[in-house]
Amino acid sequence: MALTRPADPVWRAPLPLPVIRPARPPFRPPPIIEPVTDLETRPALPARPALSRAAPALLGYAAVRALGLLVLALWSAARDKSAYTLLTARWDSLWYVRVAELGYGYEVRLPNGDVHSNLAFFPLLPWLERVGHAVTPLSYADAGFAVALVASLAAAWGIFAVAELLYGRRAGVCAVLVWAVLPVGIVQSMAYSESLFTALAAWSLYAVLTGRWLTAGTLALLAGLTRPVGLAVVAAVWAAGAVSFVRVPGGRRPAARAVGPSARQWSTAPARGAHTEPRASFPPGDPAPEGAPVWRRALAMLLAPLGAAGYVLWVGHRTGGGPLGYLEVQAGWRNGFDGGYAFARFTAEKFTSFPSALAGAGLIAGVGLVIWLYLVCVRQRQPLPLLVYAGTVTALALCASSYFGSKPRLLLPAFPLLLPLALALARPRPSRTALVTAVLAAGSAVYGAFWLNGSGPP
């Protein structure tokens, strides 16, 4: 009988012990509409824009303005004129220098009976010219030119800060470039108050959008000491402050949400097509992205009008005209607010002959473009402070009875109107954007040199 080898035992690995996990709640899909949260629970906004982030915008702006000044110098030399004189000693520049040097009280009586008083010019720029002359070897005119150059860079940075906050860095760069290549962009380099005012207005709006209320109110105060249109900045701060006190049922305000695929309906950016970075957005009616004590908001609203109101009341006291004294000073310059009647009549008179009819058609097209841009801003749901500011600047510029040739430069501070154009410029590839910007910059430089060597900005 043959012996057989017993089969090898089968060795099996021990079974793993069961893992006991805590019970999980049943899956619930996220709500389509996010619940309303209070201000303190909102997502954090980007940090304050550093100079390094704004560097491409500022370098591009400086290049455009340098090209404009170079073309102006060459054009003026060909006509035996001084480009520097055109920038620092024409129209408003002379009046500002006279205020800085001699103070208020100077006036010119014209043969037709009009009285041009330097009380019509707000004091912040002359004050800065006086300070610049006192602490440096610069003349008053040189100090005014230096203030304009520095203020124009500050304005470009402020425009970038607002546009980047809403639409991203590339849109911010494009917004600055669009502002730089405007046909009347040469005014940004003149010893005028447009650049200074735009800088104060842009940073005040940025402060409102980021909840820095005391900064917003202080800058609005300074803007009110710069130009009569400082009322637009005051209106923006007041509108934002008033809305910030309004609460929806339940004691809460609508919350800002980060722009993303699931919250696109809350975005202030266009729905599609723009190459922008996700940013925090602000639904209409709730401009401040973070909570602030009531006293800060109230104090900002009190500070904002003090600059404009203080100067207007001082002029009324000096002239003996009371609260309406400043309006009497403006009437001596034939400036006033007539709802646009004088401008409409001026435009209609252009159609009495064929050559001037082309100018009339151009005026109508320009006004139509401005109104269309504002409507686009509304459709893109820009924050309330920007809409109030741009609307007020536009209304004051178009509905005033001032010299009509100055209206393009009066619209220069209305930079929120340029944000739709900046978004359109940000869509193509960078090479195409650079090409379009270069062409526009060349056209702006040529027009600025031609304009300043001709009638110039009054």
Side-chain angles (χ1 to χ4, degrees), residues 49 51 54-55 57-66 68-69 72 84 86-97 99-100 121-136 138-163 172 175-182 184-207 215-216 218-230 232-233 307-308 389 393 409-416 418 448 452 457:
L51 183 60
L58 298 181
L59 291 175
Y61 176 80
V64 173
R65 292 272 42 90
L69 294 176
L72 175 64
Y84 189 73
L86 296 176
L87 294 170
T88 61
R90 289 282 299 274
W91 295 90
D92 288 9
S93 301
L94 293 175
W95 286 94
Y96 283 122
V97 166
V99 172
F121 296 88
F122 278 51
L124 185 57
L125 178 58
W127 287 348
L128 294 177
E129 290 179 345
R130 181 175 297 181
V131 171
H133 172 71
V135 301
T136 67
L138 298 176
S139 66
Y140 292 105
D142 296 339
F145 183 63
V147 169
L149 292 182
V150 174
S152 65
L153 289 173
W157 191 2
I159 293 172
F160 169 82
V162 172
V176 172
L177 294 177
V178 172
W179 190 65
V181 301
L182 289 174
V184 294
I186 190 65
V187 178
Q188 301 164 12
S189 301
M190 298 181 65
Y192 275 37
S193 60
E194 272 75 11
S195 293
L196 178 61
F197 174 78
T198 305
L200 295 171
W203 283 109
S204 179
L205 292 172
Y206 177 80
T215 301
T218 302
L219 292 176
L221 184 155
L222 295 175
L225 288 172
T226 308
R227 295 185 62 81
V229 76
V233 189
Y389 169 75
V393 172
R409 73 173 177 89
L410 295 181
L411 288 168
L412 197 61
F415 69 90
L418 304 177
L452 208 56

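We number each residue from 1, following the sequence as shown.
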Using every non-hydrogen atom in the two residues, find where [X] and [Y] come nearest and quote the distance to one decimal.
X      : Y      : answer
Ala155 : Ala202 : O-CB, 4.5 Å
Ala191 : Ser93  : O-OG, 3.3 Å
Ala148 : Ser195 : O-CB, 3.9 Å
Val99  : Pro126 : CG1-CB, 3.6 Å
Thr226 : Leu222 : OG1-O, 2.8 Å
Ala414 : Val393 : CB-CG1, 3.8 Å

So do [Y] and [X] actually touch side chain to side chain, heavy atoms under 4.5 Å?
X      : Y      : result
Phe122 : Ser193 : no
Leu58  : Leu51  : yes
Phe197 : Val233 : yes
Leu411 : Val184 : no
Leu87  : Leu69  : yes
Leu412 : Leu182 : yes
Trp157 : Trp203 : yes
Glu129 : Asp142 : no

Measure the [atom1]-[atom2] distance between [X] and [Y] for me, rounded to the nearest 0.5 Å.
X      : Y      : atom1 : atom2 : answer
Leu225 : Leu125 : CG    : CG    : 12.0 Å
Ser152 : Tyr61  : OG    : OH    : 3.5 Å
Leu86  : Leu452 : CG    : CG    : 4.5 Å
Thr88  : Tyr96  : OG1   : OH    : 15.0 Å
Thr198 : Gln188 : OG1   : CD    : 7.5 Å

Kindly indicate, with the supporting measurements, whether the criterion side chain to side chain contact (heavy atoms under 4.5 Å, CB included) is fulfilled by Ile159 and Leu418. CA-CA 10 Å; Ile159 293 172; Leu418 304 177; over 6 Å; no
Would you confirm whether Arg227, through its side chain, and Glu194, through its main-chain N or O, come within 3.5 Å as a donor-acceptor pair? no
Polar side-chain atom of Ser204 near backbone of Leu200 as donor-acceptor pair, under 3.5 Å: no
Phe415-Trp179 aromatic ring centre distance below 6.0 Å: no
Derivation and outcome, salt bridge (Lys or Arg N to Asp or Glu O under 4.0 Å), residues Asp92 and Arg409: CA-CA 12 Å; Asp92 288 9; Arg409 73 173 177 89; 3.1 Å; yes
